[in-house]
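Before any comments, here is the structure.
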Amino acid sequence: MIMSEHKDFLRTIVEEDLKSGKYQEVHTRFPPEPNGFPHIGHAKSIAINFGIARDYHGRCNLRMDDTNPTTEDTRYVEALKDAVQWLGFEWDNSVRYTSDYFPKLYDYAVELIKMGKAYVDSLTEEEIREYRGTVTEPGRRSKYAERSVEENLDLFERMKKGEFKDGEHVLRAKIDMSAANMKMRDPLLYRIRHAHHYRAGDEWHVYPMYDFAHCLSDYIEGITHSICTLEFENNRDIYDWVLDELNLTPPRPYQHEFARLSINYTVMSKRLLLELVNKGRVSGWDDPRLPTIAGYRRRGYTPESILNFCDSIGVAKANSTVDVAQLEFAIRNDLNTKVPRVMCVLDPLKVTIENYEGAEELDGPYYPDDVPKEGSRKIPFSKEIYIERDDFTENPPKGYYRLTPEQPVRLRHAYIITCKEVIRDADGKITEIKAEYHPGSKSGLDTSGIKVKSAIQWVDAATAKRVEVRLYDRLFKDEAPEGLEDINPDSLKVIKDALIEPAVIADKPDERFQFERQGYFYADPVDYTDEVPVFNKIVGLKDSWSKKTKASEKAPRSERKPQVKKVQVEGEVTPMSESEQARFDRYTGERKLNSEVANTLARDEKLSAFYEEALAVLESPVTLANIVANEVARELKEKQADALKFTAKQIAELVKMIDDETISSKIAKQVFEEMAQTGENPAEIVEAKGLVQISDPALILPIIDEVIANNPDNVAKFKAGNTKLLGFFVGQVLKTTGGKANPQVVNELVAEKLK
RNA sequence: UGGGGUAUCGCCAAGCGGUAAGGCCUCGGUUUCUGGUGCCGAUAUUCGGGGGUUCGAAUCCCUCUACCCCAUCCA
């Protein structure tokens, strides 16, 4: 079980709900609409939903949210099922379909109508839009909302029977046409659709909307945690409304939202993906450049790598874009310990070894020493071989480790060679290298004493196999692509005549390989044949050499970061009303409050009333103001004044204890929390919990000594100049005294001790 | 513009009043018959800005700013 030390906020919620007994068992669901191919964003959702179920010994359903007959299709449900299975998860029971619940959903709708909470509206689509109002203006209710229950029942039934045309009527919830949340302005529950449903056939003429179907489907399946993406935050109110109004037998599910995944240099939107496929800019839904599950799969990504990636990016509520480098790390990291290393030459340059005659077979282990796997193959070797064109140059840049006229190089698993002559064609292009090998330098038996800077891959000319290699680059040239115009024209490069060592083709030791010094490759599951083997590049190896050379080609990137201090535009502050201004003046004047606290109090009717009430009891304007403006304000943000558990008088009592130093301000916060919860008197709380502060140095000193003795490292750090560690020591002392030590005294004493 | 969200390193992301976790990227060094891997090390005096409360603030309060979502008979 991958249970990282810090769990995400969803797992925190689940744990609390399990602990509190809200649910006996966690039950999640992955509920895609089968209207497109799943992409890596779905993988994140799958990893979250199935992962939580797995981690907390619960269950997870796979449900096709198929309420829109015009967009959905069986081929997508197959792709969805496939994706979940490929990622290694098993759904609870069989696949669920919202369409299976259509009868139940219909009954729930009837119930709502009978309760007078839903009505058939006969406005046109345009009218409905118009009546909805705007974000700043309230909407207005349709006159059809006045229809009787009987009429609504009759109409809805006839809608179901197919008596009306598309768009003639809709069923709406009767909520609030002036709700600030636009989604709550009498949301549509059902619409008429004379369409063939890929699964329900032609039986239905009304189809439920997402907002009605989803919450109830969750409820029907016994889902506990309904996890969806951020854009549904506004829909949560309807989710709760429907389930609450229907008086369902508890327990019921609750919705929680997380940020959807985005990755740079690619797109995740269904619309763009579809456009890419339909316009033939990619070869299909499984094009290896696509961020679809099918695409990654065909490219050669492993399910483990995708899952590890999902795990590494975390779950939060901030919209963010993950660097594709993080995904690439996940696949490299996975494949590094799994796949055999072989040699393949993508851009062959012929090398003739003039002093070598005959042929031999060399042993080559498939895995390097740091990979704990066994296996090896025979590598044929003879006079004529091919090396990578990049691995030879006559004008080596500084730091070049490969073959040059002056610099010998090792042929991996074979011999060291030295360049003797460079052959060119009429255009000056190098066509061949004449070389000599060092007989005593055979791999593993090297007695030559020659030091080389690197070992390069090669293939034997006589036995190498010709293969097709497809190199993929990012599909978009723009980091945050907006459309097809941002496409990278060079995202696919096909090499028809790469050469590979024969064992790869003949023995097929695996389907994924590391082509040494180049990257990870995957035998294409579709186009690979024995006649024309095809390999997809999954990802390149990290390449610090090309990075170095490219960096030096570019301008000497001198500029550190500009480190401009962020300038923030100050917005306009709403001016105070006359009465607020009067209060403000009074507070800063006779009460001697600082302007910030005075401002907070003066601008808030509830706060200032509370403050003045407390002030009538205790003449301690400043401390009182601080508590009210900071602590009480927090409580009053959510609640009405009369919903508070504590009174102004009690706050005054609390402040009195602070003023006479019975308790520290730290303890006062603790006491306040307690008061807000229980409404108990502060004195009683202090009494009951023994919170009176300890200011006597004789009592504090021994504790300080103990803390100092227990943290020699930090004492050293502090003495070395890390003064913020003072807070650490104070914190430790406070912790051992249960917060009761007088922090000011502790501060002084600790500072003294550590001097 | 009303409502709902979100801001912590180049990119993700912990953190819930007491020493700013971790991963990716980057940069050094080291090992290496892969310029891979591994190993070792560096990289936020500061948490969107400004104030306030506190002995002590990324965490509490006030305020400003930026970005995302909502006015489909889509989900």
Side-chain angles (χ1 to χ4, degrees), chain A residues 4-6 33 35 65 67-68 71 125 128-129 132-137 139 166-167 170 179-183 185 188 190-193 209-210 214 230-236 257 259 264 312-314 316-323 325-326 329 332 336-337 341 368-371 399 401 410 412-413 443-444 446 452-457 514 516-518 541-546 548 561 566-573 594 596-597 599-600 603 626-627 629-631 633-634 664-666 669 714 717 722 724-732 734-735 742-748:
Chain A
S4 43
E5 217 179 315
H6 302 281
E33 183 191 11
N35 70 345
D65 203 6
T67 56
N68 186 356
T71 54
E125 205 173 326
I128 286 179
R129 199 176 1 258
R132 188 144 35 214
T134 68
V135 289
T136 46
E137 303 157 77
D166 281 15
V170 290
N181 179 357
M182 294 291 292
K183 290 258 140 121
R185 322 252 253 227
L188 273 60
Y190 269 88
R191 79 284 216 187
I192 299 171
R193 276 264 215 282
M209 304 288 291
Y210 164 85
H214 202 92
L230 249 27
E231 65 269 27
F232 292 100
E233 281 172 321
N234 296 322
N235 300 61
R236 190 175 55 230
E257 311 87 8
N264 56 9
S312 79
I313 56 174
K317 297 190 76 159
N319 281 310
S320 53
T321 303
V322 177
D323 194 330
Q326 191 140 351
F329 169 79
R332 274 193 210 107
N336 178 43
T337 56
R341 273 61 170 174
D369 293 338
D370 48 278
V371 173
Y401 293 166
R410 157 153 252 124
R412 179 112 233 240
H413 302 307
S443 191
D446 190 349
V452 290
K453 292 248 176 64
S454 72
I456 61 173
Q457 75 273 25
Q514 184 192 106
E516 288 207 53
R517 304 211 300 135
Q518 302 191 117
L541 256 24
K542 272 180 84 168
D543 185 355
S544 50
W545 171 244
S546 82
K548 205 177 286 178
K561 40 188 154 174
K566 282 168 243 171
V567 196
Q568 193 91 359
V569 190
E570 267 302 292
E572 202 143 307
V573 182
N594 73 41
E596 200 56 40
V597 173
N599 189 44
T600 305
R603 280 174 182 277
N626 287 340
I627 294 282
N630 288 290
E631 312 303 321
R634 180 168 63 250
S664 62
S665 61
K666 182 188 175 74
K669 291 220 176 194
N714 281 334
K717 277 197 227 164
N722 191 346
K724 69 187 164 181
L725 245 31
L726 187 65
F728 164 75
F729 289 110
V730 175
Q732 290 300 308
L734 254 357
K735 204 184 218 171
N742 181 330
Q744 284 175 75
V745 175
V746 174
N747 253 304
E748 282 165 31

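We use all heavy atoms of the structure for the numbers below, so side chains are in, but hydrogens, waters and symmetry mates are not. Here is the naming used below: chain letters follow the sequence lines, and residue numbers restart at 1 for every chain.
Minimum atom distance to the side chain of A/Q326 is reached by B/rG23, of the listed B/rC60, B/rG3, B/rG23. Nearest nucleotide to the A/D323 side chain, out of B/rC60, B/rC11, B/rU34: B/rC11. Picking from B/rG35, B/rU53, B/rC62 the nucleotide with the shortest atom distance to the side chain of A/N626 gives B/rU53. Ranking B/rC25, B/rU19, B/rU34 by closeness to the A/F329 side chain, first place goes to B/rC25. Looking at the side chain of A/K183, the nearest of the listed nucleotides B/rG35, B/rC70, B/rU34 is B/rC70. When each of B/rU19, B/rC25, B/rC60 is scored by its nearest atom to the side-chain atoms of A/R332, the top-ranked nucleotide is B/rC25. In this structure, the nucleotide among B/rG35, B/rG5, B/rG18 sitting nearest to the side chain of A/V730 is B/rG18. Across B/rG35, B/rC74, B/rU53, the shortest atom-to-atom separation from the side chain of A/R193 is found for B/rC74. For A/M209, whose side chain is taken as the heavy atoms from C-beta onward, the closest listed nucleotide among B/rC73, B/rU34, B/rG52 is B/rC73. Listed nucleotides: B/rG2, B/rC55, B/rA75. Nearest to the side chain of A/N235: B/rA75.
Considering only side-chain N and O atoms, A/T136 lies nowhere under 4.0 angstrom from the phosphate OP1 or OP2 of B/rG3. Taking 4.0 angstrom as the limit, A/R132 places a side-chain polar atom (N or O) nearer than this to OP1 or OP2 of B/rC73. OP1 or OP2 of B/rA13 has at least one side-chain nitrogen or oxygen of A/S320 nearer than 4.0 Å. Not one side-chain nitrogen or oxygen of A/R185 sits closer than 4.0 Å to the OP1 or OP2 atom of B/rA71. Neither OP1 nor OP2 of B/rG36 sits under 4.0 Å from any side-chain N or O of A/R341. Side-chain N/O atoms of A/R191 include one lying less than 4.0 angstrom from OP1 or OP2 on B/rC74. Within the 4.0 Å cut-off from OP1 or OP2 of B/rA20, at least one side-chain nitrogen or oxygen of A/K724 is found.
Across the protein-nucleic acid pair, A/M182 atom CE and B/rA71 atom C1' stand 3 Å apart, rounded to whole Å. Distance CD (A/Q514) to C1' (B/rG36): 6 Å, rounded to an integer number of Å. Between the P atom of B/rC68 and the CZ atom of A/F232 lies a distance of 19 Å, rounded to the nearest Å. When the P atom of B/rG18 is taken as reference, atom CZ of A/F729 falls 16 Å away, rounded to whole Å. In this structure, the CD atom of A/E231 is 12 Å from the C1' atom of B/rC74, given to the nearest Å. In this entry the distance linking CD of A/Q744 with P of B/rC55 reads 5 Å, nearest Å. Atom CG of A/D369 and atom C1' of B/rG38 are 12 Å apart (whole Å). Note: CD (A/E257) to P (B/rA75) measures 18 Å, nearest angstrom.
B/rG35 and B/rA20 have their P atoms separated by 42 Å, with the value rounded to a whole Å. When the P atom is used for both B/rC27 and B/rC16, the distance is 34 Å, rounded to whole Å.
Not a single donor-acceptor contact under 3.5 angstrom links the side-chain atoms of A/K542 to the base of B/rU26. Contact annotation: side chain of A/Q732 to base of B/rG18, donor-acceptor pair absent below 3.5 Å. Interface remark: the A/N234 side chain does form a donor-acceptor pair with the B/rG3 base, using a distance-only criterion of under 3.5 Å. You won't find any donor-acceptor pair under 3.5 Å spanning the side chain of A/N336 and the base of B/rU37, going by distance alone.
Within the 4.0 angstrom heavy-atom criterion, base atoms lie near A/N714. Heavy atoms of A/S664 sit nowhere under 4.0 angstrom from any nucleic acid atom. At the heavy-atom level, A/E125 lies under 4.0 Å from base atoms of the strands shown. Nucleic acid contact class of A/G139 (heavy atoms, under 4.0 Å, all strands): none. At a threshold of 4.0 angstrom between heavy atoms, the contacts of A/V170 include nucleobase atoms, whether or not backbone atoms are also involved. Using a 4.0 Å heavy-atom distance criterion, A/H214 is classed as making no nucleic acid contact. Within 4.0 Å of A/K735, counting heavy atoms only, lies no atom of the nucleic acid at all. A/T67 comes within 4.0 angstrom of sugar-phosphate atoms only, judged by non-hydrogen atoms across all strands, and of no base. Contact annotation for A/L725: base contact, defined as any heavy-atom pair under 4.0 Å involving a base atom. Backbone-only engagement by A/R634 is indicated by non-hydrogen atom pairs under 4.0 Å involving sugar-phosphate atoms exclusively. Within the nucleic acid shown, A/S544 comes within 4.0 Å of sugar-phosphate atoms alone, with no base atom in reach, counting heavy atoms only.
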Protein-nucleotides 56-59 of chain B N/O pairs under 3.5 Å:
unit_1, atom_1, unit_2, atom_2, d
B/rA57, N6, A/K669, NZ, 3.1

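The strand RNA chain B forms stems, runs of 3 or more Watson-Crick or G-U wobble pairs with distances below 3.5 Å, at B:2-7 with B:65-70, B:10-12 with B:22-24, B:26-30 with B:38-42, B:48-52 with B:60-64.
No donor-acceptor pair under 3.5 Å is formed between the side chain of A/R191 and the backbone N or O of A/V170. The backbone N or O of A/Y401 lies less than 3.5 Å from a partner atom in the side chain of A/S454, making a donor-acceptor pair. Although no hydrogens or angles enter the test, the distance criterion places a donor-acceptor pair under 3.5 Å between the side chain of A/R185 and the main chain of A/T134. At distances below 3.5 Å, at least one donor-acceptor pair connects side-chain atoms of A/N594 with backbone N or O atoms of A/V597. Checking side-chain atoms of A/N742 against main-chain N and O of A/S664 turns up no donor-acceptor pair under 3.5 Å.
Stacking between A/Y401 and B/rG35 is shown: the ring centroid lies under 5.5 Å from the centre of the six-membered base ring, and the planes differ by under 30°. By the stacking rule of 5.5 Å between ring centres and under 30° between planes, A/W545 stacks on the base of B/rG35.
Between the side chains of A/R634 and A/N630, no donor-acceptor pair of N or O atoms lies under 3.5 Å.
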